[in-house]
Amino acid sequence: MNEKNEYPAGKKYAGIVVPMITPLTKELQPDVEAVKKIMLQFAQNNISPLVLGTTGESPSIGKKESEMFVATAVQCKQGNQIIYAGLVGNNFAEVIESAKCYAGLGADVVVATLPSYYTLTPAQMENFYLQLAEQSPCPVMMYNIKATTQMTIPLDVVARLSKHPNIKGLKDSERDPERLKECIDTYKNNKDFSFFCGWGAQGFSSLAMGADGIVPSTGNIVPELYKKMYDAFVSQNFDAAKKYQQETDDIAVLYQKDRTLGQSLAALKLMMHARNMCQPYMMPPLTELSAEEKNDFELKMDDLKLSVV
């Protein structure tokens, strides 16, 4: 394994970061062995994990279990990986406590969504990230995801926060082409601030425009395809990169189409279970797919001929 990230991205925070699922046992306890297996597959494909992100069911995972997931990911970390740890919560003191805890466990960066119970003003959003940046022992990244917070971090707020020495980037999952282009144009030449595209279908396009990295949930099931896509992009074989983007899009459609976000995560875990990567269990209030849904879904998986790894 390489001792450092092999890609010539030019920034410390760049490349492929997959929002790792949170594998659970039947008793809804952390499946440590599955975490180890997933982390190894990520490392073999030059992928870093975002632990406890949206795909990781972060709002539903308890404090003790969250700490165990972060600690296990850190223990499995290879020389070509950075550990990104998600921060989700409405109690600010607890968010700060988690940031300090994860940093103490060895996480390299914390990635924070906005507190989402109340609709915040732009000034309140800015104050939240400023306070977090001042108190977090490790670097902070902002995470804009309107689908779960029902809010958008305004770009002028992002611009001001990007100047803080402990705020190192933005992961943006809002499906807004104009916003995507403006963010990339603004930060692609900023050596101290990274932009990550969290819109899976725009992975290759965002890289081609100058994004520093991508955060595709589909990387949980086919990390090897994202390595191939990124390798092709770096070597400027854009036709091949587009082909791999299309292949990952086809897989994403399989588990996302006509499903809520929570249902899509259950389908993703089922796909990973078929590849012997984890169990299909979900943390309440999310649930597994019904028997009928599983049967129909498994037939569709057969059509894609996803091999067991």
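The first residue in the sequence is number 1, and the count goes up from there.
The minimum heavy-atom distance between V35 and A73, with the atom names listed, is CG1-N, 4.3 Å. Residue D212 comes nearest to S194 through the heavy atom pair OD2-CA, 3.3 Å, listed as atom of the first residue, atom of the second, then distance.
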Salt bridge (Lys or Arg N to Asp or Glu O under 4.0 Å), that's the test. Do K100 and E97 meet it? Break it down for me. CA-CA 5 Å; K100 292 178 178 179; E97 181 183 353; over 6 Å; no

Between E57 and M282, is the side-chain contact (heavy atoms from CB on, under 4.5 Å) condition met? List the steps. CA-CA 8 Å; E57 303 172 68; M282 302 296 293; 3.6 Å; yes

CA sep, side-chain torsions, deciding dist, call: E288, K269, salt bridge (Lys or Arg N to Asp or Glu O under 4.0 Å): CA-CA 9 Å; E288 296 177 53; K269 277 191 176 180; over 6 Å; no

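Just one of L105, D108, V109 meets the side-chain contact (heavy atoms from CB on, under 4.5 Å) condition when paired with I83; it is D108. The only member of T113, V111, L132 that meets side-chain contact (heavy atoms from CB on, under 4.5 Å) when paired with L87 is L132.
When hydrophobic clusters are built by joining Ile, Leu, Val, Met, Phe, Trp and Tyr residues whose side-chain heavy atoms come closer than 4.5 Å, directly or via intermediates, V222 is not grouped with V17.
Contacts classified as ring pair (Phe, Tyr, Trp, His ring centres under 6.0 Å) and involving residues 251-294 (residues at least two apart or in different chains) are not found. Sorted by first and then second residue, the ring pair (Phe, Tyr, Trp, His ring centres under 6.0 Å) pairs with a member in residues 99-146 read F92-F128; sequence neighbours excluded.
Remark: the backbone N or O of D31 is not paired with any side-chain donor or acceptor of T25 at under 3.5 angstrom. Side-chain atoms of K168 come within 3.5 Å of backbone atoms of P165 as a donor-acceptor pair (strictly under, hydrogens ignored).
Ring-plane geometry between Y13 and Y84 is classed as perpendicular, the angle between the planes exceeding 60 degrees on a 0 to 90 degree scale with a lower cut at 30.
Taking a 4.5 Å side-chain heavy-atom cut-off between Ile, Leu, Val, Met, Phe, Trp and Tyr, the cluster of V32 extends to M68.
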